[in-house]
Amino acid sequence: MLRRAILRAPRRATAARSSASLSISTPTPTSRLLSTSSANMSSLPPVTHPLSTAFASDSYQLLPEAQKAGAAEDALLEQQIREVEAWWASPRFAGIKRDWTAADVVTKRGSLQQSYPSSVMARKLFNLIKTRQAAGEPIHTLGAIDPAQMTQQAPNQEVLYISGWACSSLLTTTNEVSADFGDYPYNTVPNQVERMAKAQSMHDRKQWYTRSTLTPEARAKAPYTDYFRPIIADGDTGHGGLTAVMKLAKLFAEAGAAAVHFEDQMHGGKKCGHLAGKVIVPTGEHINRLKAARFQWDVMGTENLVIARTDSESGKLLSSSIDVRDHEFILGVADRSIASLAETLAEMEASGASGAEIDAFEANWVKTTKLVTFDEAAVVHFESLSLSPDTISKYTAAVKANPNLGITARRALAASLAPAGAAPVYWDWDIPRTREGFYHFRSGMAAATKRAIAFGPYADLLWVETGDPNVAVCKALGAAVAQAHPGKGLVYNLSPSFNWMAHGFSPESLKSFIWDIAREGFVLQLVSLAGLHSNATITTELSRRFKDEGMSAYVEIVQKREKELGVDVLTHQKWSGASYVDAVLGAIQSGSSTGKSMGEGGTEGQFE
Ligand SMILES: C[C@](O)(C(=O)O)[C@H](CC(=O)O)C(=O)O
Ligand SMILES: [Mg+2]
């Protein structure tokens with residue numbers, strides 16, 4: 001039961017009031033935060049906090065001591081339930097399925113209602129997505145690995161992508177860096193998000209202050225950068241069971257992520273989407289992860305976006321056969337003479353075979369053994385019984401009409417079409433199971449499209465991890481998703497894992513790729529590892545030439561180009577906020593101008 005209800009005013013109101021005294025002609029901090037581009041700051045609908053009624057007052061409101069329990073408490077609970085129901089009925093959640101009630105959420109909230117900036121950013125992202133979807137245009141961005149990249153992208157890219165791969169290889173919370181197996185501590189990506197969100201805030205404060213020092217005329221002409229670009233972050237597999245997913249989702253919302261993507265790989269078997277050997281989890285298991293993230297954000301009262309990613313286009317192993325939705329894609333053997341792979345390997349080990357011999361046997365077994373779906377086995381079986389094409393098509397039509405028929409039902413259907421007394425279909429999905437117990441899975445766009453559609457009701461956006469960049473594949477996926485879930489946006493990974501020089505693009509089709517697939521519904525597109533690659537490339541160039549050409553290489557490759565391009569990091573002290581800090585200190589203590597970091601004596605004056 002509620003012990004005490006605390007209703008709090010949003011801090012934003014105070015910020016807006018105090019900033020008004022600067023009489024700056026740019027919008028208020030709140031409207032800036034919510035704007036989706038610097039060019040068009042006022043065209044989008046304002047954000048109302050979902051719990052705005054609870055935040056309506058300027059002061060903390062406590063239930064009177066005498067009314068802690070009883071009617072007042074019940075009334076508060078009822079009021080919050082009604083607010084949450086109205087919130088869920090808002091356009092923000094159109095097309096989103098929840099398998100729980102408002103009471104399930106409200107009773108888990110506790111008495112302190114908080115607001116989170118990431119939810120405001122989520123609303124900003126949502127508005128941006130809706131605007132772009134309506135125009136069939138993309139939001140396209142480049143993964144950033146640090147605050148320098150964040151600030152340079154902010155004027156041009158409308159959202160910021162934080163890659164798990166990049167965190168895994170560059171900055172984990174244990175400082176162990178290695179391949180993208182999702183094996184880093186689960187606060188790794190949230191920490192990077194927090195670092196970026198704090199950097200966004202710092203650079204925004206710096207800009208706000210700098211603009212306040214200008215005359216109104218100069219201010220009106222000075223370019224404005226929206227640093228508060230919604231952050232989209234990599235939640236990998238959710239890093240564990242459902243409680244881990246919830247804690248991860250909470251960390252992300254607290255750290256500042258507007259949207260998080262969760263993929264249907266198995267925690268512990270996870271690999272970068274473009275590596276081999278991926279193990280996916282049953283459809284329902286991943287849906288539960290998506291639900292866990294949403295439930296967590298419901299409890300927090302936030303609107304962060306759930307992005308559901310499937311790796312089933314290329315994931316060839318499945319952790320469990322429990323979900324009937326996966327049955328049509330599970331592979332088995334239809335030849336009675338084939339012995340269990342796992343048992344054979346165990347026998348080899350017991351009889352002293354070396355690891356290399358076992359590996360070689362296993363690799364050869366998987367390569368040479370014919371693995372088929374139950375349906376494929378059934379059709380071959382029907383043909384061996386000389387059943388008529390009409391009878392066979394009765395089977396294929398029935399499973400097409402009900403793709404979620406479980407294997408037991410498929411066996412019964414096959415038996416019902418065969419002549420009485422005929423042998424049943426021989427098909428065994430256990431024979432090829434791996435030593436870890438995984439099932440073999442017919443990966444591909446059929447499975448991936450089905451999973452995307454199954455995840456649809458629980459996700460704000462859908463992401464199918466593909467093996468190559470292909471407009472026709474995107475078109476087919478976009479059409480299938482649009483039919484099942486009209487208006488559901490798609491995400492595309494414009495991954496540097498693809499060799500973009502090897503897919504037959506003409507200069508024109510390469511240039512238009514992003515816009516071509518945006519028309520098919522891919523509203524959010526990201527070059528996941530752009531930050532990593534651009535960093536490596538410029539560093540290689542500089543490092544090689546610097547070795548022999550010394551400072552002329554530095555000036556040619558970096559300093560001159562910074563000046564030509566107007567890179568604000570050229571004067572890195574100012575970029576880092578030194579003048580802003582001076583101004584803050586100046587407000588606290590007077591008469592110490594000689595202590596100012598940007599006063600006389602610094603080297604940055606050389607750039608004036
Ligand atoms: C997007 C991704 O999840 C990431 O962590 O950046 C990776 C990277 C990539 O290969 O593009 C992935 O696709 O798994
Ligand atoms: Mg990743």
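Every number for a ligand or one of its atoms is a count from 1 in the order of the listing. Only heavy atoms go into these numbers, but all of them, side chains included; no hydrogens, no water, no symmetry mates.
Counting backbone and side-chain atoms alike, D234 contributes an N/O/S atom closer than 2.8 Å to the Mg ion (ligand 2).
Scanning all protein heavy atoms for the shortest distance to atom 14 (O) of ligand 1 gives G273 N, 2.6 Å. Distance from atom 8 (C) of ligand 1 to its nearest protein heavy atom, with residue and atom name: S528 OG, 3.8 Å. Atom 6 (O) of ligand 1 has its closest protein heavy atom at S163 OG, 2.6 Å. At the top of the distance list for atom 9 (C) of ligand 1, counting protein heavy atoms only, stands S495 OG, 3.3 Å.
The shortest N or O to N or O distance between S497 and ligand 1 is below 3.5 Å. Close N/O approach between W165 and ligand 1 is found [any backbone or side-chain N/O within under 3.5 Å]. For ligand 1, the polar-atom distance check against L529 finds no nitrogen or oxygen pair separated by under 3.5 Å. Ligand 1 has no N or O atom lying under 3.5 Å from any N or O atom of H261, backbone or side chain. Residue contacts with ligand 1: W463 is placed with no nitrogen or oxygen under 3.5 Å of a nitrogen or oxygen of the ligand (distance criterion only).
Under 4.0 angstrom from ligand 1, the non-hydrogen atoms of E465 all belong to its side chain. With a heavy-atom cut-off of 4.0 Å, D236 does not touch ligand 1 at all. When non-hydrogen atoms are compared, ligand 1 lies under 4.0 Å from neither the backbone nor the side chain of F498.
Salt bridge status for R123 with E303: present, with a side-chain N to carboxylate O gap under 4.0 Å. A salt bridge does not link K206 with D204: every distance from a Lys NZ or Arg NE/NH1/NH2 to an Asp or Glu carboxylate oxygen is 4.0 Å or more. For the pair D460 and R92, the salt-bridge criterion is met [side-chain N within less than 4.0 Å of a carboxylate O]. Look at K124 and D226 and you find a salt bridge, because one of the NZ, NE, NH1 or NH2 atoms lies within 4.0 Å of a carboxylate O, short of that distance. With respect to E328 and R442, no salt bridge is recorded, no charged nitrogen being found less than 4.0 Å from a carboxylate O. A salt bridge is defined here as a Lys NZ or Arg NE, NH1 or NH2 lying under 4.0 Å from an Asp or Glu carboxylate O, and R435 with E362 fails to meet this definition.
The residue among G164, G182, C272, G531 with a heavy atom at the shortest distance from atom 7 (C) of ligand 1 is C272.
Tested against F93 for a ring pair (Phe, Tyr, Trp, His ring centres under 6.0 Å), the candidates W87, F126, Y458 yield a single pass: W87. The salt bridge (Lys or Arg N to Asp or Glu O under 4.0 Å) test with R451 is passed by exactly one of D311, D264, D323: D264.
Within the 4.0 Å heavy-atom cutoff, R309 counts among the residues contacting ligand 1.
Residues meeting the ring-ring contact (aromatic ring centres under 6.0 Å, His included) test with W515, sequence neighbours left out: H140. Legend: residues meeting side chain to side chain contact (heavy atoms under 4.5 Å, CB included) with T173, ordered by chain and number and at least two apart, are P185, N187, T188, N191.
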